[in-house]
2 protein chains.
Amino acid sequence: MEKRVSLKDIASRVGVSVALVSYVLNGKEKEMRVSAEVVAKVRQAAEEMNYEPNQIARSLRMGATKTIGLVVADISNPFFGHLARIIEDEAFKSGYTVIFGSSDEDEEKSAMVLRTLQNRQADGYIIVPSEGTTRQISGLLRKKRPVVLVDRYFPELNCSHIVLNNYQATFDATSHLIGKGCKRIALVAYRTSLIHMKERIRGYAEAMSVSGLPWEDLLIEVEFGHTQAETDNALNKFLEKNRNVDGMVFSNNGLSLGGLYYMQKYCIRVPRDLAFIGFDGGEAFDLYPTPLSYVSQPLEEMGREAVKILMDQLHGTNRITQIMLTPTLIIREASPC
Amino acid sequence: MEKRVSLKDIASRVGVSVALVSYVLNGKEKEMRVSAEVVAKVRQAAEEMNYEPNQIARSLRMGATKTIGLVVADISNPFFGHLARIIEDEAFKSGYTVIFGSSDEDEEKSAMVLRTLQNRQADGYIIVPSEGTTRQISGLLRKKRPVVLVDRYFPELNCSHIVLNNYQATFDATSHLIGKGCKRIALVAYRTSLIHMKERIRGYAEAMSVSGLPWEDLLIEVEFGHTQAETDNALNKFLEKNRNVDGMVFSNNGLSLGGLYYMQKYCIRVPRDLAFIGFDGGEAFDLYPTPLSYVSQPLEEMGREAVKILMDQLHGTNRITQIMLTPTLIIREASPC
DNA sequence: CTTGTTTGCTTAAACGTTTTACCTAATTAT
DNA sequence: ATAATTAGGTAAAACGTTTAAGCAAACAAG
């Protein structure tokens, strides 16, 4: 580890004080009326010595790290990976760096990640909150840390958020299948108290209800920490009891994918044997023998806006912004092949 | 922003010096022989006041941030997302946090990301290096920063790395197709000087050569910043000239996926019309009408070992470790449906 | 010729830790 | 009894910045 060059090094080389070097390198030479001659010398020395500011020292002094703490369920999930990327780019534009952690939808893990991010003095937080983390979030809010929740939120919490209109998402999806003539449509959802799932279930239920179709027995709720085998099992049991199901709506990307694996394993042809609507799309959806229909989220917008809201709060606004984005139903028919 | 509680706050509440509080909270009460009574009082106060150490201040003082800088091509690419996740978990076990940046395989962007990570005083770096970044890496090495390259490396650089045996990967893949009776096998690769691609091309060429098959005209090199349309175009041109091609090997996951999109668009049935071997697998590969064969990388091992090597270097070893992992060819036959 | 202003720079404190050096009182050894 | 040791603690410097405050010299205004 070679010693990094500091302001002091430049100062002593040029023969001026540390303060002066700081002023020059921060472009405050005008206000601080530094002589042109000194400015030039400092600039040159900094250049030659390859000076790079120590952000840690600066953070300590300024009480701000220019860092955003990002908590997602799992960075390796393409949905969150993509979101992270958008946030990274957007944050970078404002001079912020992202430090992230995956919560695995687990309360304890979430707490650990959040503690780490706080120790590192993140200036603000963008969080995809897991079940049971209300207190963790409200803890942040109590400390007046800027927080933006994404994808889900807690209705009882007075906190900025940006989420999909989840109700509309499944309402539209289900309605579309009904319009196509389906009558026994199942919804596959996670068993969780998180609002986004509740809303997706509600949208489905409502769509079925307004068409006078029963749905209570057609709701499949699987556990969060599911393996593919367990999902298969749940679906098997369900389909044995309900042989007349003619359509399925899946309520997030993991479940959709799990559903497709299931269909493949048990040779159920989509959409010939069963109509199918997934959530979030992806390569597997595009490349399926017959391209699959799905609910599309405006992910770019979600990420961009999340950062924008956070930046507002970081720059002093106390405003709480809660945004609901509109999903798009991507309908695809049989391919030309 | 409420004020965070510091050692000073605890000290003044308990009525002792800051130093003492630091000792107690760092478990040095024995060596520093702090009285049991004071230890208890400090502990309790810290608990009650909800003290969390300021990692920034600690970093400044200690000259180490317990931070790993991770540079990948694109965090939203599942390959890198997965890698990031493994690294995150592994780093966490050792008390390290990850700060990351996406380079987009771009020299300039890579430089910016690297500069940011350096400003933030990352203790060590795990990097998927882009083309033309040799100098950036050697700059880090010159400053004696621990660096581990992943997925690719620079032969001329004396730096730790962990990569796939890329030669073997395409050699095996190509050989397998030859064994299946293919004679006109194309390789789709990126046009780049990066070693991993060169090796993948070499493996392919060698496999063809040892079977006495010509390959020079069957190598398709596409540009890095390709759009799907451009890839389609290149493939179209190529296939028009070479109608007798009976197999294709793709040399990374992006290209494989691009290939599949192409096949779909132009109604080329895999593997009926054309044998196909992809790189890296993924959902789309599993769910393809007939599951696709691909080269599988031991991603977990790659991530875990990368962190382990870095940790060794962070703990003072000067040893340079260069590891080459063995790929597995996943062969899948037509599905039972 | 004083007084005030501008110019150009320096000093020093502060951010929250860690850690070295030092201090005093009590105890033990001589 | 005095000297040496130990127990239990404090003071202060240091990490690299930023920034408020100050200060001397030069200059302008009265």
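Letters A, B, ... are given to chains in the order of the sequence lines, protein chains preceding strands, and every chain is numbered from 1.
For the side-chain contact (heavy atoms from CB on, under 4.5 Å) with A:Ile162, the qualifying choice from A:Val307, A:Ile323, A:Ile126 is A:Ile323, the only one to do so.
Mapped onto DNA chain C by nearest heavy atom, B:Ile56 and B:Lys28 fall at different nucleotides, with B:Ile56 at the one closer to the 5' end. Mapping A:Ser17 and B:Val18 onto DNA chain C via the closest heavy atom, the residue that lands nearer the 5' end is A:Ser17.
Note on A:Arg33: a base of the nucleic acid sits closer than 4.0 angstrom, heavy atoms only.
Side chains of A:Thr97 and B:Arg120: a donor-acceptor N/O pair is present below 3.5 angstrom, by distance only.
Taking side-chain N and O atoms only, A:Ser35 has a distance below 4.0 Å to OP1 or OP2 of C:dC9. Dashed line: the shortest gap from a side-chain N or O of B:Tyr51 to OP1 or OP2 of C:dT17 is under 4.0 Å.
Within 6.0 Å of NZ on A:Lys308 lie no more than 12 heavy atoms contributed by other residues, nucleotides or ligands.
A salt bridge links A:Asp104 to B:Arg85: at least one charged side-chain nitrogen sits closer than 4.0 Å to a carboxylate oxygen. Between A:Arg43 and A:Glu29, at least one side-chain nitrogen of the basic residue sits less than 4.0 Å from a carboxylate oxygen of the acidic one, meeting the salt-bridge criterion.
For DNA chain D, the neighbouring residues in residues 6-14 of chain A, judged by any heavy atom under 4.0 Å, are A:Ser6, A:Leu7.
Closest to the side chain of B:Ala19, out of C:dT19, C:dT17, D:dT17, is C:dT19. Among the nucleotides C:dG16, D:dT10, C:dT10, the one closest to any side-chain atom of B:Asn54 is C:dG16. Among D:dC15, D:dT10, C:dC15, the nucleotide with an atom closest to any side-chain atom of A:Leu60 is C:dC15.
Between the base of C:dT20 and the side chain of B:Tyr23 there is a donor-acceptor pair shorter than 3.5 Å.
In this structure, the side chains of A:Ser59 and A:Gln55 come closer than 4.5 Å at one or more pairs of heavy atoms.
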